[in-house]
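For reference, the structure is listed below as structure tokens.
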Amino acid sequence: MAMRNSSTYEEATEIKPKKEGVMIKRSLNKRFWTVVNYKQRSFVLNEKFLVYYELEDDSSKLLKREEKGRILLETVHTVEIATNFFTKEEIGVSEEVWPFLLGYQVKGRDYLLFLCALRKEDRIDWILAIREACLNNKTIKSEFHPAPWISKNWACCGSTVRYSEGCRKCGDWASIRSLSSLDVSTHSNNTMPGEGTPGTPSSKQKEKIMPRTKVVALYNYKAIETGDLSLEKNQEYDVIDDSQEHWWKVKDTKGNVGFIPSNYVKEKESLGLQQYEWYVNDMSRQRSESTLKHEDKEGCFVVRNSSTKGLYTLSLYTKIPHPHVKHYHIKQNSRGEFFLSEKHCCQSIPDLINYHKHNSGGLASRLKTSPCDRPAPATAGLSHDKWEIDHDDLMLLEELGSGQFGVVRRGKWRGSIDVAVKMMKEGTMSEDDFIEEAKVMTKLQHTNLVQLYGVCSKNRPIFIVTEYMRYGSLLNHLRRHEQSLSSNQGLLLDMCIQVCKGMAYLERHNYIHRDLAARNCLVGTDNIVKVADFGLARYVLDDQYTSSGGSKFPIKWAPPEVLNYTRFSSKSDIWAYGVLMWEVFSCGKMPYGRLKNAEVVERVQKGLILEKPKACYKEVYDVMRKCWAHLPENRPSFKVLKETLVGISQRIVVD
Ligand code: ADP
């Protein structure tokens, strides 16, 4: 047998093995033309190396196996659980496997090795054993990507920056409880690896990792796909596997096991106020007002996070003397007790709410009801690991509008979930590339982003299936409600802040929108605003849209570097965001009025900017101006913008 490497099983075992066993290894893809493959290998971990050998059917040949490769342990900087990114079919196995990853550096280059343990407990054993062997390494990373780099993207977060920091925090190697993606943080008792047999965690250690956190359902969830599990609001569930970001495997009290959307549950210990109907998290003052007014019930109330961090505000609707909403800060005295009026102090906020349910105690009304069930958030995909949607599961309803790619219709998925279906006109986009991208895009999830549920790509035309937004595009919404909105600057600012939050999420994930504008944002119930169509511009085939000289190119939203060199970045999104703020504060006017594209380009090149909309605070206009800095590096980030805008809203709108 030709030896690829000089060492044999005997040589490597000269150093006593700490752990050995069979795992599946994903090819390293050192050369970009090699096809990804998965192979079962026999692994041996000793003090210095992790060595892998060819697997042979006949176990008696064990001693003659060919070494396939080895990793010098002192080069390892990351050992973490990986997402279940690969399907069983792709790996070529029939049973579930348990992936983890090893990051290491050779000659200044980073490599990521994805390994799959064949049993779940085995994965933990391997991670702990490798970490223990590497505990004294000089560089141990603090962030990592839990999925591989595929088609110029990190498959976990969609980041297109190859050498970006990771999107997840690494566990602390010195602390057994912190296998990051397991998040066993509620088990506070730290045990150092090394207690017990080296490489094999004691049963006590395992106990701390295996019984996961208990979570409580915040919303009902109806499982439709096999493998998913229904959730009943307020019921408890045991988390079995939270290695995928958006879909966790849990067990209910009857012992049923299945996947659930992770944004529908909250860890029991950190549930806090979330268990109460009346708590609405960080709903803004403006949105709480429109929600309570919409309910139109005397004594209807919510408790929300105040715009001053750490404080809470009670928002209460009363019809006396005329329908309006009053806002009260919940204060704390020196003993830490909560009160709305100093005469009535309580140990906790729920106690305080309970007190005022029975006594108005100085409030405009006794607290009576809370708004009906809050709508459940969108899930990242319609089921776990699902982005290809079956045509037959979609019922197509009325037309919602039409745009660049064709008609958009409302639909129902499996008769129960509202969706919007974009029917892509054939020849308008490079479909294969987009379908690849859609897998990543379904994983982007934020309250202020329109959720991509998946695609129907088996038939033509292909459908893009997204979250349904009741009130359609922000641009039309602004135009339709100009009268009421123009006098409510607080609400307009709140819309901008919501868009900014969605964009800050994209920026954090190094994801560029490329076509941010009011027409590409959508409005839902309770004045919620979400950013849509992010990243789609890259797949448009129409030259008129993609080239800056084209008639459909969004010139009026483009900064100089895009007009000159088509150079898109998060900073070009910032420029477009400034224009979007202008659209919001002028209630849907066309930027630069009737100026032709060529005239707009000339103005922008000269450094002339849009004028202040009539109903717009100077402070808000100053923010727009910062977005229109000529050089991209002089524009703020979305993160900074968000803080600035929230600060302004605190000053101009009394909370
Ligand atoms: P395109 O991207 O092809 O230009 P748009 O996304 O602009 O198409 O959609 C056209 C119209 O369809 C929008 O202006 C809006 O009124 C409606 N629409 C699109 N997506 C949704 C959605 N998710 N929910 C509700 N309405 C939508």
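Whatever order the structure lists ligands and atoms in, that order sets their numbers, starting from 1. Just so it is clear, the model here is predicted, and its values are computed rather than measured. Nothing fancy with the numbering, it's 1 onward along the sequence.
- Using cut-offs of 30° and 60° for the angle between ring planes, the F553 and F568 rings count as tilted.
- Neither the backbone nor the side chain of N476 has a heavy atom within less than 4.0 Å of ligand 1.
- Summarising the geometry of S457 relative to I462, their closest heavy-atom pair is CA-CG2, 3.6 Å, with the distance given to 0.1 Å.
- Of the candidates H477, K422, M469, the one placing a heavy atom closest to atom 24 (N) of ligand 1 is M469.
- Counting protein heavy atoms only, atom 4 (O) of ligand 1 is closest to Q404 N, 2.7 Å.
- For the pair E399 and R409, the salt-bridge criterion is not met [side-chain N within less than 4.0 Å of a carboxylate O].
- Scanning all protein heavy atoms for the shortest distance to atom 26 (N) of ligand 1 gives L400 CD1, 3.6 Å.
- If you look at V408 next to ligand 1, the close heavy atoms, those under 4.0 Å, all belong to the side chain.
- Ligand 1 is approached by S402 to a heavy-atom distance shorter than 4.0 Å.
- Checked against a 3.5 angstrom limit, the closest N/O atoms of G472 and ligand 1 fall outside it.
- Scanning the protein for heavy atoms near atom 23 (N) of ligand 1, the closest one is E467 O, 2.8 Å.
- Taking the ring centroids of Y577 and F638, they lie under the 6.0 Å cut-off.
- Atom 21 (C) of ligand 1 has as its closest protein heavy atom L522 CD1, 3.6 Å.
- From the protein, the heavy atom lying nearest to atom 11 (C) of ligand 1 is G401 CA, 3.8 Å.
- In this structure, the side chain of S230 does not engage the main chain of K222 through any donor-acceptor pair within 3.5 Å.
- Listed here is the closest heavy atom pair of R519 and S473: O-CB, 3.9 Å.
- Of the protein's non-hydrogen atoms, the one nearest atom 14 (O) of ligand 1 is S473 CB, 3.6 Å.
- Residue-level proximity to ligand 1 for D533 is carried by the side chain, the only part with a heavy atom below 4.0 angstrom.
- Atom 8 (O) of ligand 1 has as its closest protein heavy atom G403 CA, 3.6 Å.
- Considering both main-chain and side-chain atoms, Y468 never comes within under 3.5 Å of ligand 1 through any nitrogen or oxygen pair.
- For atom 3 (O) of ligand 1, the closest non-hydrogen atom of the protein is F405 N, 2.8 Å.
- Environment of CD in Q483: sparse, with no more than 12 heavy atoms of neighbouring residues, nucleotides or ligands closer than 6.0 Å.
- When ring centroids are compared, H391 and F463 come within the 6.0 Å threshold.
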Practice task
With side-chain hydrogen bond (donor to acceptor under 3.5 Å, both in side chains) as the test, would you mind laying out the steps for N220 and Y264 before giving the verdict?
Solution key: CA-CA 8 Å; N220 289 326; Y264 275 51; over 6 Å; no
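- Of all atoms in ligand 1, numbered sequentially from 1 with element shown, those under 4.0 Å from a heavy atom of T466 are 23 (N).
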Show me the donor-acceptor pairs within less than 3.5 Å that the side chains of residues 585-600 make with the rest of the protein, sequence neighbours left out.
from : atom 1 : to   : atom 2 : distance (Å)
S586 : OG     : W582 : O      : 2.7
E599 : OE1    : K596 : N      : 2.7

